[in-house]
Number of protein chains: 2
Amino acid sequence: MVRPGGRSARVQASVHAAVRELASEVGRDALTVPMIAQRAGVTPSTIYRRWGDLQELMSDVAVERLRPDTAPKDIGDLASSLTAWAEQFFDEMASPAGRAYIRDALLGDPDGSNAGRCSAYAAEQIDIILTRATERGENTPDTETVIDHVVAPLMYRILFRPDGLDASYARRLVATAMTLSRTSSPPTA
Amino acid sequence: MVRPGGRSARVQASVHAAVRELASEVGRDALTVPMIAQRAGVTPSTIYRRWGDLQELMSDVAVERLRPDTAPKDIGDLASSLTAWAEQFFDEMASPAGRAYIRDALLGDPDGSNAGRCSAYAAEQIDIILTRATERGENTPDTETVIDHVVAPLMYRILFRPDGLDASYARRLVATAMTLSRTSSPPTA
DNA sequence: CAGCTTAAAGCAAATTTGTTGCGTCTGGAG
DNA sequence: CTCCAGACGCAACAAATTTGCTTTAAGCTG
């Protein structure tokens with residue numbers, strides 16, 4: 001268990017900061033554990049003991065940066081709100097930086113908990129949008145349906161086929177998902 | 001450029017074989033470059049120079065193992081064929097071994113070409129199934145539609161939310177995708 | 001088919017990274 | 001206030017990675 005306060009927390013913050021600084025200075029691929037340790041004012045063995053290796057540390061940092069900082073904007077209707085959110089999600093995730101974070105988050109993640117957290121972030125944002133629409137009396141698809149038919153295709157193509165993507169693709173996915181509002185049978189989870 | 005035959009080819013084959021053998025003997029996570037080099041009868045520097053690092057080598061091997069070895073079975077109609085294929089795809093990919101291969105394929109892949117190859121394998125299989133159905137006069141969805149609404153959700157959940165998945169989820173995705181046969185607007189690619 | 005060219009492999013030294021045992025420090029509980 | 005446990009620092013050690021140079025052999029070319 002990581003202690004919540006005091007020195008442990010300071011070390012954690014300073015290591016994370018060192019990663020962010022160095023990543024922007026020398027590039028993500030040039031990072032090494034000893035380099036990060038020195039910048040953070042910490043010995044390498046501290047990092048190895050606490051995070052295991054560079055990948056797990058990067059995964060930890062990546063999840064932090066993928067956390068949404070604000071609730072999605074409330075535009076009028078569901079179709080507009082979801083489209084706007086999907087476009088923004090696409091822009092963030094499909095950028096070189098976003099792709100690197102996604103890869104890092106998936107990479108150093110032995111038990112899948114970091115990846116699960118990323119997915120939960122998206123689910124929360126979608127939930128907010130759908131709840132607002134439901135309160136307005138709109139007919140809405142299930143959160144899981146939006147994940148399956150909007151988020152998943154975006155992530156799949158970002159990860160497996162990064163070429164020829166643009167925001168119009170995100171819009172099309174939302175339009176298709178909207179047609180599934182009534183007929184869909186949501187998955188198990 | 002990698003020379004197509006002779007010694008280069010022998011080294012490549014022997015290194016790949018060494019990876020497969022050792023992975024089943026000591027476990028994937030215990031592999032190291034020097035260990036693989038010794039088993040393959042090669043010096044470590046050969047592997048470093050040719051593949052860069054362990055991740056890229058593992059990615060290379062993983063793509064080999066993710067390549068389908070046979071054309072999908074031809075059952076009667078489109079719905080059955082696609083469902084059968086999706087179930088098999090799900091079983092292979094969601095297994096611990098399959099998940100490990102997917103991760104490896106994505107991880108050591110600086111330019112995304114290995115991931116693209118994996119995606120192309122699935123697209124080929126789907127194409128075969130859809131072409132057969134079209135020749136039978138059936139109304140079929142687009143290949144890209146099947147990728148977006150069947151393959152992508154499966155991969156997304158395997159990567160980001162591995163819990164609570166089963167084959168019935170794959171069946172449900174196929175059923176939903178079939179309803180998109182006429183109305184879908186396929187994505188750019 | 002003999003000679004030439006050059007990519008790729010071998011070898012070994014040097015460097016860098018990762019591991020581990022042990023003593024010290026510091027939150028936080030009692 | 002005192003004690004305990006977990007986390008950190010330090011340093012020696014072990015392992016992996018990089019690199020300059022040499023050697024081998026694939027595939028042309030004449």
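Within every chain, numbering begins at 1; the chains are lettered A, B, ... in the order of the sequence lines, protein sequences first and strands thereafter.
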Base of dG20(D) paired with side chain of R49(B) (donor-acceptor, under 3.5 Å): yes

What's the CG-P distance between D53(B) and dA15(D), to the nearest Å? 21 Å

When the distance from CZ of R7(B) to C1' of dA25(D) is rounded to whole Å, what number comes out? 6 Å

When you check the side-chain N and O atoms of N114(B) and S59(B), is any donor under 3.5 Å from an acceptor? yes

What distance do E144(B) atom CD and I126(B) atom CD1 have between them, rounded to the nearest 0.5 Å? 9.0 Å

Rounded off to whole Å, could you give me the CG-to-P distance for the L54(B) and dT18(D) pair? 12 Å

Nearest to the side chain of T46(A), heavy atoms from C-beta on, is which of dA9(C), dG9(D), dT17(C)? dG9(D)

Rounding to a whole Å, what distance do you find between I36(A):CD1 and dT16(C):P? 17 Å

L22(B) backbone acceptor or donor facing R39(B) side chain under 3.5 Å: no

Nucleotide of dC10(D), dA9(C), dT19(C) approaching Y48(A) most closely (side-chain heavy atoms): dT19(C)

Per T43(A) side chain, nearest of listed nucleotides dC10(D), dC11(C), dA7(D): dC10(D)

Here the distance between atom P of dA7(C) and atom CD of Q12(B), to the nearest Å, is 19 Å

Answer yes if the side chains of R171(B) and T83(B) hold a donor-acceptor pair under 3.5 Å, and no otherwise. no

Side-chain donor or acceptor of S45(B) under 3.5 Å from a matching atom on the base of dC11(C)? yes

Given atom CG of L31(B) and atom P of dA16(D), what is their separation to the nearest angstrom? 12 Å

Is there a donor and acceptor pair, one atom on the side chain of R10(A) and one on the base of dG27(C), closer than 3.5 Å? no

Please determine whether salt bridge (charged side-chain N to carboxylate O under 4.0 Å, His left out) holds for the pair E124(A) and R67(A), giving the CA-CA distance in whole Å, both sets of side-chain angles, and the decisive distance to 0.1 Å. CA-CA 11 Å; E124(A) 282 168 25; R67(A) 161 183 292 154; over 6 Å; no

S8(A) side-chain N/O to dA7(D) phosphate OP1/OP2 under 4.0 Å: no

I need the CG-C1' distance between L57(A) and dG18(C), as an integer number of Å. 15 Å

